[in-house]
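Following: one structure in structure tokens, then a few remarks.
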Number of protein chains: 2
Amino acid sequence: MDEGGNEVFEADREVPRDGFARRPITLADVAREARVGESTVSRVLRSHGSFSEKTRARVEEAVARLGYVPNRIAGTLASTGSRLIGIVIPSLTNIVFPDLLRGATMALEQEGFQSVIAVTDYDQDREEAVVGSLLSWRPAGLIVTGLEHNSGTRRRLLASGVRVAELLDTDGPGLDIVVGYSNRAAGEASARHLAGRGYRRIGYIGHDLTKDRRAAKRYAGFRDGLRAAGLTLAGEERVASPSSVEVGRQGLFDLLARAPDLDAAYFSNDDMALGGYFHCLAHGIAVPGRLALFGYNGLDVGRLMPQPLATIRTPRVEAGATAARLLCAGAPATVVDLGFELIEGATA
Amino acid sequence: MDEGGNEVFEADREVPRDGFARRPITLADVAREARVGESTVSRVLRSHGSFSEKTRARVEEAVARLGYVPNRIAGTLASTGSRLIGIVIPSLTNIVFPDLLRGATMALEQEGFQSVIAVTDYDQDREEAVVGSLLSWRPAGLIVTGLEHNSGTRRRLLASGVRVAELLDTDGPGLDIVVGYSNRAAGEASARHLAGRGYRRIGYIGHDLTKDRRAAKRYAGFRDGLRAAGLTLAGEERVASPSSVEVGRQGLFDLLARAPDLDAAYFSNDDMALGGYFHCLAHGIAVPGRLALFGYNGLDVGRLMPQPLATIRTPRVEAGATAARLLCAGAPATVVDLGFELIEGATA
DNA sequence: CACCGATTTGGCAGCGCTGCCAATCCGGAC
DNA sequence: GTCCGGATTGGCAGCGCTGCCAAATCGGTG
């Protein structure tokens, strides 16, 4: 009645599958319902600018009555800068990346941001593609994993002007914000620890190092650490596939076949080490009496093994959270080294 | 030169932190550069509509020259329906949800969609909040976990008119698309299996069932299965916290303290069962001779234990992928039961 | 009762793109 | 050379919201 003559249009609604959804409710609908201007509604909904208490009540009532859901697509286009952060991770198979995501989404949510994720499968070309794809959403920032990117990715990142945080590695130059720890130093520390405990014939079991650059840095650091202790790798087994419990188990089996006199095994990460541990259990190899085991990441599962796994705990969740907070806060370019912690455990 | 008089504006660019980004390149810039109309550029970029080969080349050249990145925010607002799918999962701590994500993002990427994720921590009120938040991006569809939602969530979902896929459970009525398997039947099958193998004093070790409704359904199914076999639960330990290896290990310890004569333990999932297995290893409890163990999910780690874990394998990745594909294809409301597979293993 | 500064409000021009429609072009048929 | 149908192209009005600015309102003050 009060709108005079709009009835025809209102009746002209789309009626989809369940007779429920209709022409989407817009801010203008709310303004009409509350008998205020559009900008007033906008101000109230964002608690931004000034308006009277009475107006707020009217608007909120209208919102509730109509079941209005703001359209952030429109809001983002009209304002500048979205409340979106893109997150690029290499894999969802290894729990470390969900951990990173968890830290990031927790922090992001607090700041009122949302995350769009993309997975690269450790492929730099795919990384370039997904970065382009994420950039097309005009995110407020991007979280990527590692410091190694192909030139196309680097160019896009730089040219976009979007803030970038590179995570889980500090061994090299970053583009903008860097949050992580030194994988190289972690490898060195592991070698030093094993050498210090008296192990002399140390082998390495790793996964695909050409794709996982951080694992490659640990490997390099580990070799350096051994060398500093006057040792060399007594044998190694590298499998050209992603890390997994299975690869670790099979890898140790294969390595021991070639080098039966090893007294310690360093794994590219905890999943691999767990596989190695299972191999030892299955074959009656005494740990650490006959063979010591050392991992990387400090997963919960390692801590709960009958003998807690010797490993290095990395602050993954914290790295995600820190990066998210820095991006939201518009912090200047910086490097945040979160460090790592060596867990002595009982397997080495 | 050729634009006549625009120079002043062009010079008036923002110059951010590194002197790199500038006034963002828009489709209009590309059109001007390529000397074609805006709609032509739009058509070429989306390979939609007709245009000559010569025009395509001109446009692509201009795009490359300017480093243009389309603005999907604007594109989405102008067209109807985004290429976004919202994914709501309860947790990132348990690998099953990253698995689900993995399946979904893989399928989504093939279809040219992107995923926005949100985590509820198994809290229905948080679910309502994140669903609202995701809906404000006007996604083409939403993937949620489970069939249980509070009334607010249900109302928002229905009122939005957005397609919804509910995952990992088929025990109950769905809102739209349902992809999963019967948790209840899985529980029953587990009980039947244990009873069939001759176990009589069977205990249950579980995590917080009030929040994890699917675990609760397995528990109910398990009890029904026992009853059908003329048995009852010989003891149970339920911990009011999320599932983990630690809770499983501690839970079995506690349960055995109260019910030392159990001959089998059914765990709410594989993580929990792995913890139980570690307890048995640490305390010299023969598996399955003295105590049989049974899990749920069919994680890789269980398959690689010295004795493969008896469990039920669930098609998580496939569920994510199937849901994503159905949503993208605009399939009608349906229930897809992917089933599950009982793995005999060696622990029961 | 007119007047003033502060507070509250509404109007409207974009944000960058897509969809529609009309205009133009092209190659062959007549 | 003219005409025709299809292929190609450009113009422009929105999509729903925000940001800016001007207008209206309010509550004292002199």
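Below, all heavy atoms of this structure are taken into account, side chains as well, without hydrogens, waters or symmetry copies. Reminder, nothing fancy here: chain letters follow the sequence lines and each chain counts from 1.
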From the set D:dG16, D:dG10, C:dC17, return the single nucleotide nearest to any side-chain atom of B:Leu27.
C:dC17
Nearest-neighbour nucleotide for the B:Ala78 side chain, C:dG19, C:dC17, D:dG16 considered
C:dC17
Under 4.0 Å between a Lys/Arg side-chain N and an Asp/Glu carboxylate O for B:Arg126 and A:Glu109?
yes
Would you call B:Arg325 and B:Glu111 a salt bridge, taking side-chain N to carboxylate O under 4.0 Å as the test?
no
Using 0.5 Å steps for rounding, measure from the OG1 atom of B:Thr145 to the OH atom of B:Tyr122.
8.0 Å
Looking at the base of C:dG19, is there any donor atom on it, or on the side chain of B:Arg43, that sits under 3.5 Å from an acceptor on the other one?
no
Return yes if the base of C:dG19 and the side-chain atoms of B:Ser79 contain a donor-acceptor N/O pair under 3.5 Å, otherwise no.
no
[N] phosphate, OP1 or OP2, under 4.0 Å from [X] side-chain N/O:
X	N	value
A:Thr40	C:dG10	yes
A:Arg138	C:dC15	no
B:Ser42	C:dT18	yes

Residues [X] and [Y]: side-chain donor-acceptor under 3.5 angstrom:
X	Y	result
A:His149	A:Glu127	yes
A:Ser42	A:Ser39	no
B:Ser133	B:Ser136	no

Distance in angstrom units between [X] [atom1] and [N] [atom2], rounded:
X	N	atom1	atom2	result
B:Glu38	D:dG10	CD	P	10 Å
B:Arg32	C:dG16	CZ	C1'	13 Å
B:Trp137	D:dG16	CH2	P	16 Å
B:Ile25	C:dC15	CD1	C1'	16 Å
B:Arg83	C:dT18	CZ	P	12 Å
B:Arg35	D:dT9	CZ	C1'	16 Å
B:Asp29	C:dG16	CG	P	9 Å
A:Asn71	D:dG14	CG	P	18 Å

Hey, can you pull the residues of residues 47-57 of chain B with a non-hydrogen atom under 4.0 angstrom from DNA chain D?
B:Ser50, B:Phe51, B:Ser52, B:Thr55
Looking at every strand, decide which applies to B:Thr26 at a 4.0 Å heavy-atom threshold: base, sugar-phosphate, or nothing.
sugar-phosphate
What nucleic acid atoms does B:Arg72 come within less than 4.0 Å of, heavy atoms only: base, sugar-phosphate, or nothing?
nothing
Tell me, do B:Val116 and B:Ile85 make a side-chain contact under 4.5 Å, heavy atoms counted?
no
